[in-house]
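As the structure is a computational prediction, the values presented were derived from the model and not from experiment.
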2 protein chains.
Amino acid sequence: MHGGGVLTIGEFSRLSHLSVRTLRRYHDAGLLEPASVDDATGYRHYGVDQIPTAQVIHRLRELDVPLSDVQRIVRSGDPEIRATLVADHLRRLESELERTRGAVASLRRLLEPEPPPLDVELRAVPATTVAAVEDDVAYDEVLAWYAGAIAELDAVVHDPTGVPGGLYDNALFEDGRGHALLYRPTAHPPRSGRVHPVTLPAVELAVTTHVGEHGDIEVTYGELGTWVVGNALAVAGPVRETYVVGPRDTADPSAWRTEIGWPVFRVGPR
Amino acid sequence: MHGGGVLTIGEFSRLSHLSVRTLRRYHDAGLLEPASVDDATGYRHYGVDQIPTAQVIHRLRELDVPLSDVQRIVRSGDPEIRATLVADHLRRLESELERTRGAVASLRRLLEPEPPPLDVELRAVPATTVAAVEDDVAYDEVLAWYAGAIAELDAVVHDPTGVPGGLYDNALFEDGRGHALLYRPTAHPPRSGRVHPVTLPAVELAVTTHVGEHGDIEVTYGELGTWVVGNALAVAGPVRETYVVGPRDTADPSAWRTEIGWPVFRVGPR
DNA sequence: GCTGGACCCTCCCCCGGGGGGAGCGTGCAC
DNA sequence: GTGCACGCTCCCCCCGGGGGAGGGTCCAGC
């Protein structure tokens with residue numbers, strides 16, 4: 001140690017609380033390069049001034065930020081850009097927390113011993129032309145996407161003839177990515193920005209109403225699924241949701257009502 | 001479909017919102033066995049009554065419960081045992097959330113442009129005999145372990161001569177598992193349950209005080225590490241923390257004071 | 001100067017919880 | 001009878017490391 005604070009990997013490990021293995025991996029990944037590497041022996045040498053960087057990396061990894069994103073953050077010297085990138089990840093954590101809350105609520109309902117009976121209605125829906133926003137989205141981006149889409153719809157649809165609704169491709173749930181469409185019925189669907197007219201096909205829907213938070217809506221999906229199969233029907237096409245009463249109407253989640261409609265067709269016994 | 005709701009893997013996938021791939025994997029793992037498998041073709045067939053189970057699994061996986069634990073939960077028919085196992089995992093989620101909060105706080109401090117100067121004192125500490133509880137613990141169990149240990153110490157140490165403190169092996173931070181010791185100084189260390197007398201060796205400590213929540217204590221660790229190296233010292237042995245003012249004393253986190261001491265020895269220039 | 005032990009190196013395989021895709025067999029509707 | 005959606009297995013890939021083998025290096029004590 002030349003007094004100036006040159007450290008072996010072991011010393012640096014003790015001071016940064018990162019394992020030796022992990023430090024080597026970060027070197028390989030180009031994430032945290034040692035201040036110098038001995039050509040002859042391959043020994044890595046770190047500088048004391050790298051401890052803060054190591055700590056930032058450590059904290060980001062504790063927040064499950066992928067190494068590639070960590071790299072972008074620590075590479076960007078500009079504190080502004082840094083702050084933005086970090087803020088992005090904190091937002092991602094927020095939405096993940098939201099998802100976790102939903103899963104917990106849903107789990108509680110699932111584990112309740114006596115599920116209340118489910119009202120399901122079979123309803124023929126004619127083809128309708130509506131104002132819509134549609135995109136290919138990832139499952140965990142849906143909430144953010146929804147917020148943007150509904151705002152855009154609200155801005156350009158001035159004479160809605162019904163509550164908003166959405167169509168969600170099955171792949172969205174099964175593969176974590178798929179097509180999503182949010183619409184608002186109106187007599188004269190405008191075309192503006194992402195909003196454009198779409199004609200929803202006529203379908204026969206098995207419809208039920210989910211009451212309460214969206215977090216545990218999957219439970220209702222499951223119950224509806226059981227009903228559908230139990231009544232000798234099969235699923236055809238994307239799920240439809242209709243936001244009869246939602247957060248836009250009242251802050252009380254227990255009053256929210258979401259209609260879930262699954263397009264079905266009758267199957268004969270096999 | 002014999003009217004009774006026998007489903008192919010694809011149908012079951014649509015109804016359960018689990019991907020076909022994932023269903024096959026759950027079969028292989030013995031987690032969700034199809035109701036029947038065709039010997040000739042290998043086709044899996046699921047029953048409608050398996051949808052609720054699939055949903056429970058789905059929710060648990062969203063909470064990052066490992067498949068092996070999910071298996072234990074869904075296998076245990078007894079709702080009581082189920083509820084207990086699930087509650088355990090919810091507690092784990094809680095503590096993870098705590099850790100996340102800590103990392104966020106720590107990150108904010110790290111990204112602040114101007115770190116306040118650090119007061120470090122070099123202090124020779126004589127050997128002391130104290131009442132202690134010690135264990136090998138995992139890094140993410142430390143909080144829970146601490147709670148139990150401090151309660152046990154409080155229960156049997158009636159005449160403490162100082163505030164509590166802890167010794168934490170470096171491996172705990174670097175490898176995620178290591179030795180932890182919580183102590184309370186007293187004239188006559190009792191022996192009761194996990195509490196027993198321990199003689200802490202004499203060391204020279206580089207000591208600084210961390211003010212505020214424990215969540216961002218790693219930042220102070222890093223600053224202390226930099227100081228240690230910058231002063232031509234090297235680290236020897238487990239970190240010592242002394243809980244001068246903590247949650248047991250006041251509910252206001254900004255008043256908490258934790259002394260961090262790192263055993264050091266002087267190294268000559270290399 | 002030698003030796004032992006702590007420390008360092010690279011390399012390969014392992015984990016969980018899937019995804020992508022190849023290559024091939026099946027069931028059903030037209 | 002034929003197309004094609006759906007089913008099957010098998011293998012390799014992803015991330016962020018951990019375990020351990022096999023071997024080189026540094027340094028203190030003798």
Side-chain angles (χ1 to χ4, degrees), chain A residues 1 6-14 17-32 34 36-46 57-58 60-71 138-140 170-171 174-178 234-237 265 267-270, chain B residues 1 6-14 17-32 34 36-46 57-58 60-71 138-139 170-171 174-178 234-236 265 267-270:
Chain A
M1 201 169 301
V6 173
L7 305 165
T8 66
I9 197 169
E11 293 164 337
F12 193 73
S13 162
R14 278 186 287 280
H17 286 168
L18 286 163
S19 79
V20 169
R21 272 206 113 74
T22 301
L23 288 173
R24 286 203 272 252
R25 158 164 288 271
Y26 289 173
H27 179 195
D28 292 348
L31 185 52
L32 183 63
S36 71
V37 177
D38 188 311
D39 279 349
T41 67
Y43 277 31
R44 293 166 179 85
H45 294 289
Y46 294 84
I57 295 173
H58 198 162
L60 289 170
R61 285 298 304 136
E62 277 191 347
L63 299 176
D64 276 334
V65 177
L67 287 191
S68 54
D69 296 19
V70 173
Q71 188 162 24
Y139 182 68
D140 46 9
N170 279 310
E174 291 151 29
D175 303 341
R177 167 164 283 283
V235 170
F265 60 95
V267 290
R270 284 205 183 130
Chain B
M1 201 170 302
V6 174
L7 306 166
T8 66
I9 198 168
E11 292 164 337
F12 194 73
S13 162
R14 278 186 288 279
H17 285 169
L18 286 163
S19 80
V20 169
R21 272 202 113 77
T22 302
L23 287 173
R24 284 202 272 253
R25 159 164 287 269
Y26 289 173
H27 179 197
D28 292 348
L31 184 53
L32 182 63
S36 72
V37 178
D38 188 311
D39 280 351
T41 66
Y43 277 31
R44 294 165 178 86
H45 295 290
Y46 294 83
I57 296 174
H58 199 161
L60 289 170
R61 284 299 304 135
E62 277 192 346
L63 300 175
D64 276 332
V65 176
L67 286 191
S68 54
D69 295 21
V70 173
Q71 188 161 25
Y139 182 69
N170 279 310
E174 292 153 27
D175 303 341
R177 168 164 283 283
V235 170
F265 60 94
V267 290
R270 285 209 184 128

query: With nearest nucleotides of DNA chain C determined for B:Asp38 and B:Leu67 from heavy-atom distances, which residue corresponds to the more 5′ nucleotide?
result: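 Mapping each residue to its closest nucleotide by heavy atoms, the 5'-most match is B:Leu67.
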task: For B:Asp64, enumerate each residue passing the salt bridge (Lys or Arg N to Asp or Glu O under 4.0 Å) test, keeping only those at least two apart in sequence or located in another chain.
output: none
Integer-rounded Å distance: [N] [atom2] and [X] [atom1]:
{"X": "B:Arg25", "N": "C:dC15", "atom1": "CZ", "atom2": "C1'", "value": "11 Å"}
{"X": "B:Phe12", "N": "D:dG7", "atom1": "CZ", "atom2": "C1'", "value": "16 Å"}
{"X": "A:Asp69", "N": "D:dC15", "atom1": "CG", "atom2": "P", "value": "12 Å"}
{"X": "A:Asp39", "N": "D:dG24", "atom1": "CG", "atom2": "P", "value": "19 Å"}
{"X": "A:Glu11", "N": "C:dA6", "atom1": "CD", "atom2": "C1'", "value": "12 Å"}
{"X": "A:Asp64", "N": "D:dG17", "atom1": "CG", "atom2": "P", "value": "9 Å"}
{"X": "B:Leu23", "N": "D:dC6", "atom1": "CG", "atom2": "P", "value": "15 Å"}
{"X": "B:Leu7", "N": "D:dC6", "atom1": "CG", "atom2": "C1'", "value": "15 Å"}

Tell me whether the OP1 or OP2 atom of [N] has a side-chain N or O from [X] closer than 4.0 Å.
{"X": "B:Thr8", "N": "C:dT26", "result": "no"}
{"X": "A:Tyr26", "N": "D:dG16", "result": "no"}
{"X": "B:Thr22", "N": "C:dG19", "result": "yes"}

field: 5' priority, DNA chain D, between B:Gly10 and A:Arg61 [closest heavy atom]
entry: B:Gly10
field: Minimum heavy-atom distance between B:Asn170 and A:Arg14, given as atom pair plus value
entry: ND2-CD, 3.9 Å
- line: Sorted by chain and residue number, the ring-ring contact (aromatic ring centres under 6.0 Å, His included) partners of B:His58 (sequence neighbours excluded) come out as none
Polar pairs (N or O, both sides) under 3.5 Å between protein and nucleotides 9-11 of chain C?
{"from": "C:dC9", "atom 1": "OP1", "to": "A:Arg44", "atom 2": "N", "distance (Å)": "2.9"}
{"from": "C:dC9", "atom 1": "OP1", "to": "A:Arg44", "atom 2": "NH1", "distance (Å)": "2.9"}
{"from": "C:dC9", "atom 1": "OP2", "to": "A:Arg24", "atom 2": "NH1", "distance (Å)": "2.4"}
{"from": "C:dC9", "atom 1": "O5'", "to": "A:Arg44", "atom 2": "NH1", "distance (Å)": "3.4"}
{"from": "C:dT10", "atom 1": "OP2", "to": "A:Arg44", "atom 2": "NH1", "distance (Å)": "3.2"}
{"from": "C:dT10", "atom 1": "OP2", "to": "A:Arg44", "atom 2": "NH2", "distance (Å)": "2.9"}

Residue list, side-chain hydrogen bond (donor to acceptor under 3.5 Å, both in side chains) with A:Gln71, at least two apart or on another chain: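 Here no residue qualifies.
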task: Could you tell me which residues satisfy side-chain hydrogen bond (donor to acceptor under 3.5 Å, both in side chains) with A:Arg44, sequence neighbours excluded, listed by chain and number?
output: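 Checked A:Arg44 against side-chain hydrogen bond (donor to acceptor under 3.5 Å, both in side chains); matches are A:His27.
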query: Taking A:Ile57 as the fixed residue, which of A:Leu23, A:Val65, A:Leu32 is the one that meets the side-chain contact (heavy atoms from CB on, under 4.5 Å) rule?
result: A:Leu32
- prompt: At under 4.0 Å between heavy atoms, what does A:Ser19 touch on the DNA or RNA strands: base, sugar-phosphate, or nothing?
  reply: sugar-phosphate
statement: Residue set satisfying side chain to side chain contact (heavy atoms under 4.5 Å, CB included) with A:Arg25, at least two apart, ordered chain then number -> none
